[in-house]
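Structure first, commentary second.
Because the structure is a prediction, the values reported are computed rather than measured. A, B, ... follow the sequence lines: proteins, then strands. Residue 1 opens every chain.
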Amino acid sequence: MSSPATEPSATKPRSGTQGPASVLTPQREDFPRWYQEVLAKAEMAENGPVRGTIVIRPYGYSIWERMQENVDRRIKQAGASNAYFPLFIPQSYLQREAEHVEGFSPELAVVTHAGGDRLEEPIVVRPTSETVVGEYMAKWVQSYRDLPLLLNQWANVVRWELRPRLFLRTSEFLWQEGHTAHGTKEEAAAYARQIHLDVYRSFLTDIAAIPVLVGHKTPRERFAGAINTLTCEAMMADGKALQIATSHELGQNFARAFGIDFLGQDGQRHLAWTTSWGSSTRMVGGLVMAHGDDRGLRIPPRLAPIQVVVVAVRNDQAVSDAVEKLVSALSQSGVRAISDIREGSFGRRVTEWELKGIPLRLEIGPRDLGEGRATIVRRDLPADVAKSQISLQEIPQAVKGILEEIQAALYDQALARQLSLSTQVDSVGEAIQAAEKGFAYIPKNLVDEAAEEEMAASAVTVRCVQRPDGSLADSEDEEGLVCVVARSY
RNA sequence: CGGGGAGUGGCGCAGCGGUAGCGCUCCUGCUUUGGGAGCAGGCGGUCGGGGGUUCGAAUCCCCCCUCCCCGACCA
């Protein structure tokens with residue numbers, strides 16, 4: 001927060017009939033504050049009673065549900081099946097994989113008492129489920145015929161966070177975690193890659209309209225216990241990076257620790273190769289920070305729980321009837337539309353829909369009605385150019401096309417920003433400098449462990465390693481790769 | 001855990017020895033409704049907790065708790 005002298009007029013509505021009232025602290029002024037305010041005012045989420053916990057409100061949850069639905073469908077298309085494993089994990093399981101425990105122990109919540117007594121063996125509240133799943137995979141995998149074993153679960157996990165932020169880092173969060181076992185290293189690697197590209201990248205770009213960088217993590221940034229980690233990184237409106245989804249090759253580390261082995265066609269026992277991959281409610285935070293502007297959220301139409309709101313400008317019977325008629329026509333053509341015929345000032349209601357980021361707003365008042373038209377307002381455009389008129393008859397067929405234009409516009413705007421805040425550099429010092437504003441691209445051969453250390457001292461990290469053309473390398477060891485370096489959430 | 005702040009109605013704040021106030025929100029009524037409406041009335045707080053000083057504590061002192069910001073870890 002700033003000094004107490006300059007106090008917030010930010011929450012105070014401005015009167016007058018022109019210019020967008022500033023309902024939020026402008027992003028450029030104080031981005032973290034903008035983020036908190038927009039989540040509160042758009043009724044997305046708030047803090048829970050225990051530090052680091054989150055209460056996801058119905059509107060926020062409806063966005064998460066849309067994400068879940070789409071990601072879940074893609075996961076199933078990739079051949080995995082949903083299952084459910086327990087929240088409570090024996091502490092000894094975690095300890096079986098050395099790097100895994102080491103990585104997670106600082107953030108574990110451990111149950112030491114239950115049923116009124118001290119427990120013989122402490123129980124860990126799952127921070128992730130590789131260990132329990134490994135235990136059961138070992139049981140279920142006997143023969144090469146049992147492979148690949150492709151599992152996914154939707155669950156909550158707990159990682160005790162020192163510096164929580166709504167959606168981005170909370171001590172408890174919701175996610176999807178996939179766990180698979182394969183007969184060969186190549187097959188495991190290919191599957192992790194498939195999930196990464198066909199589920200995560202394609203969901204993020206095609207549905208969430210968030211341009212993402214895909215690449216490998218450096219050993220330093222890898223998942224605890226993995227031999228390779230793939231990441232989707234996106235740039236937020238303030239130029240910082242957010243890791244939105246990751247996919248891991250676990251090699252045979254967990255197979256060895258949990259005895260996941262199988263009898264091959266050759267009659268010999270072989271250790272399986274496993275993968276894991278996840279995406280979480282962090283995506284909601286990423287969506288907010290990638291698309292939001294000074295007037296509030298902007299939800300891309302393909303994802304939006306509400307694509308169109310039809311607002312009655314006046315509380316008037318003829319107008320209300322026209323609004324409802326239009327909403328049902330839209331609904332029938334497969335558009336997610338709602339009406340707003342509430343009492344209360346027009347300005348207030350409109351502001352609420354803008355805060356919530358509804359992609360398209362139709363306004364009908366007596367004047368419009370008299371001329372057989374409606375006012376149409378796009379949320380992706382600046383306020384002064386967002387409005388136009390459209391005849392009532394045209395609306396149902398026109399809307400779908402406009403929604404697709406908005407979808408594309410949001411992606412394009414996010415991509416344009418990412419490109420404008422990205423810099424090619426050829427020294428670590430320049431990379432640190434450039435990361436103040438956005439992403440720095442630096443040849444990988446200039447980034448050794450000492451360089452990573454140096455960058456870390458300035459709160460800058462290698463977000464991912466990729467080919468110069470942005471494509472995903474076959475391996476982290478490929479020649480000529482570049483590191484994308486940035487500050488991150 | 002180190003370094004800085006702050007805890008007063010739902011939210012944001014003022015008050016800093018004399019018994020709690022403002023703005024927004026909320027409720028009621030009327031007038032309104034084309035970008036967060038106006039007027040009138042009203043609900044709501046044992047001032048984070050505990051101890052102490054004092055005739056008297058939100059205000060001063062001590063202890064504790066919590067939250068926020070900046071650093072080391074993370075989807």
Distance below 4.0 Å between A/T351 side-chain N/O and B/G36 OP1 or OP2: no

Short N-O contact, A/D293 and A/R379, less than 4.0 angstrom: yes

Sugar-phosphate only, base, or nothing, as touched by A/E107 at under 4.0 Å among non-hydrogen atoms: sugar-phosphate

Touch class at under 4.0 angstrom, heavy-atom based, for A/T170 against every strand present: base

A/R295 (side chain) and B/G35 (base): donor-acceptor pair under 3.5 Å: no

A/F104 CZ to B/A75 P, straight-line distance once rounded to whole Å: 6 Å

NZ/NE/NH1/NH2 to OD/OE distance under 4.0 Å, A/R33 and A/E37: yes

A/R126 versus A/N156, side-chain donor and acceptor atoms under 3.5 Å: yes

Which nucleotide in B/G36, B/C74, B/G35 has an atom nearest any side-chain atom of A/L355: B/G36

Nearest-Å distance once atom P is located in both B/G48 and B/G15: 15 Å

Plane angle bin for A/H248 and A/F223 - parallel if under 30°, tilted between 30 and 60°, otherwise perpendicular: parallel

Mutual orientation of the aromatic rings belonging to A/F254 and A/F258 [parallel < 30°, tilted 30-60°, perpendicular > 60°]: parallel

B/G12 to B/U25 separation - C1' atoms, rounded to the nearest Å: 11 Å

Gap in Å between the two P atoms, one belonging to B/A75 and one to B/C63, rounded: 40 Å

First encountered from the 5' end of RNA chain B, between A/A459 and A/R373: A/R373

Integer-rounded Å distance: B/A75 P and A/I56 CD1: 18 Å

Sugar-phosphate, base or nothing in reach of A/A456, heavy atoms under 4.0 Å: sugar-phosphate

A/E352 (side chain) and B/G36 (base): donor-acceptor pair under 3.5 Å: no

Touch class at under 4.0 angstrom, heavy-atom based, for A/R165 against every strand present: nothing

B/G44 versus B/G21 - spacing of their C1' atoms, nearest Å: 14 Å

Touch class at under 4.0 angstrom, heavy-atom based, for A/G344 against every strand present: base

Touch class at under 4.0 angstrom, heavy-atom based, for A/D316 against every strand present: nothing

Sugar-phosphate only, base, or nothing, as touched by A/P32 at under 4.0 Å among non-hydrogen atoms: nothing

Among B/G36, B/A75, B/U33, the nucleotide that comes nearest once only the side chain of A/R349 is considered: B/U33

Per A/R314 side chain, nearest of listed nucleotides B/A37, B/U33, B/C74: B/U33

Distance between P atoms of B/C26 and B/C64 (Å, rounded): 42 Å

B/G9 and B/C43, which share atom name C1', separated by this distance in whole Å: 10 Å

Crowding at CZ, A/F85 (>12 non-hydrogen neighbours, <6.0 Å): yes

Phosphate contact (B/C74 OP1 or OP2) by A/R220 side-chain N/O below 4.0 Å: no

Nearest heavy-atom neighbours spanning A/T131 and A/Y93: CG2-O, 3.6 Å

Base B/G35 paired with A/K387 side chain (donor-acceptor, <3.5 Å): yes

Check: B/G34 base within 3.5 Å donor-acceptor of A/T375 side chain: yes

Atom C1', compared across B/C16 and B/A57: separation rounded to whole Å: 10 Å

Listed nucleotide nearest any side-chain atom of A/R367, set B/G35, B/G34, B/G36: B/G34

No-H, no-angle donor-acceptor pair, A/S280 side chain to B/A75 base, under 3.5 Å: yes

B/U8 to B/U66 separation - C1' atoms, rounded to the nearest Å: 15 Å

5' precedence on RNA chain B between A/V350 and A/A457 (nearest-nucleotide basis): A/V350

Among B/G34, B/A37, B/A75, the one nearest A/V313 by side-chain distance: B/G34

Pi stacking test for A/F346 and B/G34: under 5.5 Å apart, planes under 30°: no

